[in-house]
Structure formats: C-alpha cells, structure tokens
Undergrad: 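Submitted below is the structure of interest, expressed as structure tokens.
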Number of protein chains: 2
Amino acid sequence: MTSVGGRRSGRARDERAERGIPEATVARLPVYLRALTALSDLDVATASSEDLAVSAGVNSAKLRKDLSYLGTYGTRGVGYDVNYLRYQIAREIGLTQDWPVVIVGIGNLGHALANYSGFASRGFRVAALLDSDRARVGEKVGELPISSLDDLEEIVRASSVSIGVIATPAAAAQDVCDQLVAAGVSSILNFAPALLAVPDHVDIRKVDLSIELQILAYHEQRKAAGLAEIKADAG
Amino acid sequence: MTSVGGRRSGRARDERAERGIPEATVARLPVYLRALTALSDLDVATASSEDLAVSAGVNSAKLRKDLSYLGTYGTRGVGYDVNYLRYQIAREIGLTQDWPVVIVGIGNLGHALANYSGFASRGFRVAALLDSDRARVGEKVGELPISSLDDLEEIVRASSVSIGVIATPAAAAQDVCDQLVAAGVSSILNFAPALLAVPDHVDIRKVDLSIELQILAYHEQRKAAGLAEIKADAG
DNA sequence: AAGAGTTTGTGAACGCGAGAACAAAATCGT
DNA sequence: ACGATTTTGTTCTCGCGTTCACAAACTCTT
C-alpha cells in the first residue's frame with residue numbers, strides 16, 4: 001500500500017486517468033466531444049457543466065462526474081474552456097492519433113460505410129475494403145479498390161490495422177471474425193446479426209438494426225395496447 | 001388495495017405480462033428470439049436454459065429470470081419447448097403483427113437499409129422511402145420508388161406507419177424528426193449523428209457508428225499504452 | 001411407486017451507475 | 001479587501017440489473 005505500486009513505473013503520472021474510467025462514462029465521452037465541437041464551431045469559448053449537459057442531453061451532475069474521471073479540467077465559478085476540454089477528451093479517447101480501419105463485406109452496407117464521411121472527420125481512416133467474392137476484387141468504391149480477403153493478413157500488417165468492421169451476411173461473420181483475429185486485429189465492430197466468439201484480448205461491439213427495431217416495436221405495441229384498454233374501459 | 005385496481009378492466013389477465021418488463025430484458029428478447037430460430041432451424045425440439053444461454057451469449061440465470069417476466073413457459077426437469085417459446089417471445093415483442101416503416105434520407109445508408117433483408121424477415125415492411133431532394137423523387141430503389149418528403153403525412157396516415165427511420169445528414173435530422181412526429185410517427189430509429197428532441201410519448205433510439213468506433217479506439221489505445229508501459233518497465 | 005437425477009423459477013446478496021446535495025474554489029462588484 | 005455569487009468536484013443515497021444459490025416441480029429408472 002506504500003511507495004511502489006503494482007507494475008507502475010517510477011515516473012509520476014496523473015493518477016486519475018491511470019486506471020479504469022467506467023464503461024458507461026467511456027460511452028458518453030464521444031457525445032460530449034460532439035457537443036464541444038458544435039460549441040467550438042459557434043465560437044463559444046467557455047461553457048458550464050449545465051450548458052454542456054444540455055447540448056449533450058444528459059444530467060449536469062453526471063457530466064461533471066464523468067469529466068472528473070479524466071482530470072480537473074474545469075474552473076470553479078467559470079466552467080470549462082471549450083477547446084481545451086475538447087482536446088483533452090479527444091486525447092483520452094485516442095483521437096489525437098489516426099486509426100486505420102478495414103471493412104470486410106462490401107455489400108450494400110459495406111458500400112455505405114466505405115463512403116461514410118463521419119469516419120475521416122474523427123480520425124478513422126479506411127485502410128482497405130475486403131470482400132470474399134473474387135469477381136468484385138479490383139472494383140472501385142470511392143477512392144479505394146476492393147481487395148481480396150486473402151490479402152487480409154498482409155494489409156493488416158502493412159498498415160498496422162487494429163480495428164476491423166464486419167459487414168458480411170450473418171453466415172460468414174464468424175469465419176471473417178476468426179480471420180481478422182488471426183491477422184492481428186484486436187477491436188471489431190460487427191454489423192452482422194450473429195453472435196461472435198472472440199478471445200479475451202479482443203474487444204467486440206455489435207450494431208444490430210433488427211434488434212433496435214424490435215425494441216421499438218415492443219414499446220409501440222405496448223402503447224397501442226394501453227390505448228385499446230382505455231377504449232374498452234370507456235365503452 | 002382491494003378489488004378494483006387502477007384502470008384495469010374486470011377481465012382477468014396474466015398479471016406477469018401486464019406491466020413492466022425491465023428495459024434490459026426487453027433489449028435481450030430479440031437475441032433470445034434469434035437463438036431460438038437458429039435452434040428451430042436445426043430441428044431442436046426442446047432446450048434447457050443453459051443451452052439457450054450459450055446460444056444467446058448470456059448467463060443462464062439471467063436468461064431464466066428474463067423469461068420469467070413473460071410467464072411460466074418452461075417445464076422443470078425438461079427445459080423449454082423451442083417453437084412454443086419462440087412464438088411467445090415473438091408475441092410479446094409484437095412480431096406477430098406487421099410493422100410498416102418509413103425510411104427518410106435515401107443516401108448511401110438509406111439505400112443499404114432499404115435493401116436490408118433483415119427487415120422483411122422479422123415482420124418489418126418498408127412502406128415508403130422518402131427524400132427531400134426533389135430530383136431523386138421517382139427513382140427506384142429495389143421495388144420501391146422514392147417519394148417526396150412532402151407526402152410524409154399522407155403516407156403515414158394511409159399505411160398506418162408508426163415507426164420511422166432517419167438516415168439523413170445530421171443537419172437535417174431534427175427537422176425531419178419534427179415532421180415525422182407531426183405526421184403521427186411515435187417510434188424513431190435515428191442513424192444521424194445528432195441529438196434529437198422529441199415529445200414524451202415518442203420513443204427514440206439511436207445507432208451511431210462513429211461513437212461505436214470511438215469506444216473501440218479508447219480501449220485499443222488503452223491496450224497499446226499497457227504494452228508500452230510493460231516494455232518501458234522491462235527496459 | 002418411490003428414489004435419483006434434472007432443470008426451472010425466484011429469493012437474497014452484491015455491485016454499478018444515476019442523481020441530489022453540498023463544500024471548496026474561483027470570479028465579480030463595491 | 002471582502003462579501004456575494006457562480007460553478008466545480010465529490011460524497012452519499014437510492015434503485016436497477018446481475019449473479020448465486022436453492023427449493024419446487026418434473027422425468028426417468030428400477
């Protein structure tokens with residue numbers, strides 16, 4: 001409990017940022033970043049936690065607590081310097097560096113993702129587009145040509161890719177996932193409606209359109225049932 | 001506390017399903033449904049909570065508790081009848097009926113969504129594609145022609161649409177959202193990277209690619225930092 | 001028919017995250 | 001220079017969701 005702790009080096013570092021920002025907070029940092037960027041574009045120099053909270057759509061106490069995990073970047077009685085805080089959050093997330101990304105599966109969705117401008121604007125760069133259909137290899141999508149899935153390993157090594165996006169049909173997803181992991185990719189964003197198994201050291205997140213719609217349908221049905229009940233009681 | 005409760009009608013109903021399935025459970029029901037469908041396709045007649053939990057990628061106790069909110073559909077010592085449970089979950093979510101959906105913003109993403117086969121296979125039907133660009137009105141995407149955003153209200157009324165999907169640029173999202181709400185849509189799935197304000201009675205869910213990537217980047221950076229630290233300590 | 005073996009449904013403990021509330025620290029006005 | 005005001009950073013409490021653990025309920029074997 002005294003002096004040397006764990007495998008920390010001797011150099012003093014910011015204790016607060018050292019270990020463990022709660023996952024819920026991490027998920028909100030990009031939202032704050034977006035709000036700060038919007039304020040910055042409007043030439044707002046400083047903003048209170050309340051201002052920011054409104055822009056981000058969260059409770060101000062929650063926002064202050066979230067920011068406190070990063071460090072003490074605010075000034076009591078004043079608020080937060082918009083550009084300074086924006087930089088600090090960007091640095092914390094890792095957006096001060098460039099992240100090469102490969103997209104696997106260039107169907108309708110892969111196409112859309114390849115052309116998505118939100119990639120480049122936030123430090124993500126599409127390094128390659130891959131598809132298992134040999135007939136499509138060479139075809140251009142925007143600036144980039146489609147490469148063969150066989151070249152995955154070489155591309156990942158050559159461009160130091162650590163993030164992969166899966167936009168294949170569900171049936172192919174696990175196989176592609178395994179290949180990505182074997183090639184050295186350690187973060188995966190999965191758009192295929194399938195459960196993917198990965199080793200512990202690999203992070204995986206899924207985006208599932210169909211699930212989102214089903215959740216909406218559940219609530220929608222509930223609203224309709226409530227109305228029907230009121231009607232029945234009245235009649 | 002006795003006899004007549006709230007605005008319930010006199011008819012007895014299943015108390016369990018009557019009110020309030022936890023939101024976390026609702027979000028998992030579609031996952032269970034997918035797992036059950038997969039098992040059904042493999043002609044598996046019954047499955048234990050453990051089997052299902054593995055297929056769905058969750059803890060079996062959690063799965064049992066989730067299912068218990070719907071009713072008592074399992075048999076102790078045996079497990080769950082796959083097809084029966086599948087039907088019950090589908091009914092609970094509201095997938096026994098057909099949900100017409102409108103998609104607004106037919107750019108790259110809107111195109112991909114319009115052609116997404118996962119829609120139809122789960123009871124969602126694309127009723128119309130809308131775009132504000134008059135030059136594109138009439139253009140066909142798959143089977144459907146693009147309609148003008150001006151016709152939104154009529155389309156919503158004619159087809160009893162209650163779910164809308166926003167796939168426009170961020171700048172247009174709030175305006176489109178307001179129009180959807182005004183037309184009578186009460187559930188919205190938003191793909192635009194923008195915070196949308198809606199009345200209380202409207203449900204909204206967002207899917208944000210850029211945020212997902214940023215979350216992955218944070219963890220990726222963390223892994224890299226950890227490695228660097230170990231290297232530095234060793235050297 | 002009765003005991004052995006399974007598997008569900010649920011009570012209880014625990015941990016995390018949300019939000020209220022407040023002390024500490026900065027600015028501003030006089 | 002000092003009190004009033006603003007706003008942060010943090011402590012505390014509460015509720016929700018996850019997980020463990022076990023009694024109840026069912027099947028199967030003999």
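Just so it is clear: chains get the letters A, B, ... in the order the sequence lines come, proteins before strands, and each one is counted from 1. Because only heavy atoms are used, hydrogens play no part in the values below, and waters and symmetry mates are left out as well, while side chains stay in.
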Undergrad: Can you tell me the distance, in whole Å, between the CG atom of B:Leu52 and the P atom of C:dT7?
TA: 12 Å
Undergrad: Are side-chain N/O atoms of B:Arg64 and B:Ser49 paired as donor and acceptor at under 3.5 Å?
TA: yes
Undergrad: Could you check whether A:Arg34 pairs with B:Asp208 (Lys NZ or Arg NE/NH1/NH2 to Asp/Glu carboxylate O, under 4.0 Å)?
TA: yes
Undergrad: What is the separation between atom NZ on A:Lys62 and atom C1' on D:dG9, rounded to the nearest whole Å?
TA: 17 Å
Undergrad: Which of these nucleotides, C:dG17, C:dT7, D:dG17, is closest to any side-chain atom of B:Pro22?
TA: D:dG17
Undergrad: Looking only at side-chain atoms of A:Arg76, point me to the closest of C:dA23, D:dG17, C:dG9.
TA: C:dA23
Undergrad: Can you tell me how far C1' of C:dG9 sits from CG of B:Leu85, to the nearest Å?
TA: 14 Å
Undergrad: Could you tell me whether A:Lys223 and B:Asp203 have a side-chain N and a carboxylate O separated by less than 4.0 Å?
TA: yes
Undergrad: Atom CG of A:Leu63 and atom C1' of C:dG19: how far apart are they, to the nearest Å?
TA: 13 Å
Undergrad: For C:dG9, does either OP1 or OP2 sit under 4.0 Å from a side-chain N or O belonging to B:Tyr80?
TA: yes
Undergrad: Please state whether the phosphate of D:dT18, meaning OP1 or OP2, lies under 4.0 angstrom from any side-chain nitrogen or oxygen of B:Arg28.
TA: yes
Undergrad: Would you mind telling me which residue lines up with the more 5' stretch of DNA chain D, B:Ala61 or B:Val78, judged by nearest nucleotide?
TA: B:Ala61
Undergrad: Using whole Å, what does the distance between atom P of nucleotide C:dA18 and atom CG of A:Asp66 come to?
TA: 7 Å
Undergrad: What integer distance in Å separates B:Asp51:CG from C:dT6:C1'?
TA: 12 Å
Undergrad: Taking atom C1' of D:dG15 as reference, at what distance in whole Å does atom CD of B:Glu23 sit?
TA: 16 Å
Undergrad: B:Lys65 or A:Thr75: which one's nearest nucleotide on DNA chain D is closer to the 5' end?
TA: A:Thr75
Undergrad: Could you tell me whether the side chain of B:Phe124 reaches within less than 4.5 Å of the side chain of B:Val126, counting heavy atoms only?
TA: no
Undergrad: Starting at CZ of B:Arg64 and ending at P of C:dT6, how long is that distance when rounded to a whole Å?
TA: 15 Å
Undergrad: Which of these passes ring pair (Phe, Tyr, Trp, His ring centres under 6.0 Å) with A:Tyr73: A:Tyr87, A:Tyr32, A:Tyr84?
TA: A:Tyr84
Undergrad: Can you figure out which of D:dC20, D:dT7, C:dA20 approaches the side chain of B:Asn59 most closely?
TA: D:dC20
Undergrad: Counting only side-chain N and O atoms of B:Ser49, is one of them less than 4.0 Å from OP1 or OP2 of C:dT7?
TA: no
Undergrad: Taking for each residue the nucleotide of DNA chain C bearing the nearest heavy atom, is the 5' side occupied by B:Ser48 or by A:Ala24?
TA: B:Ser48
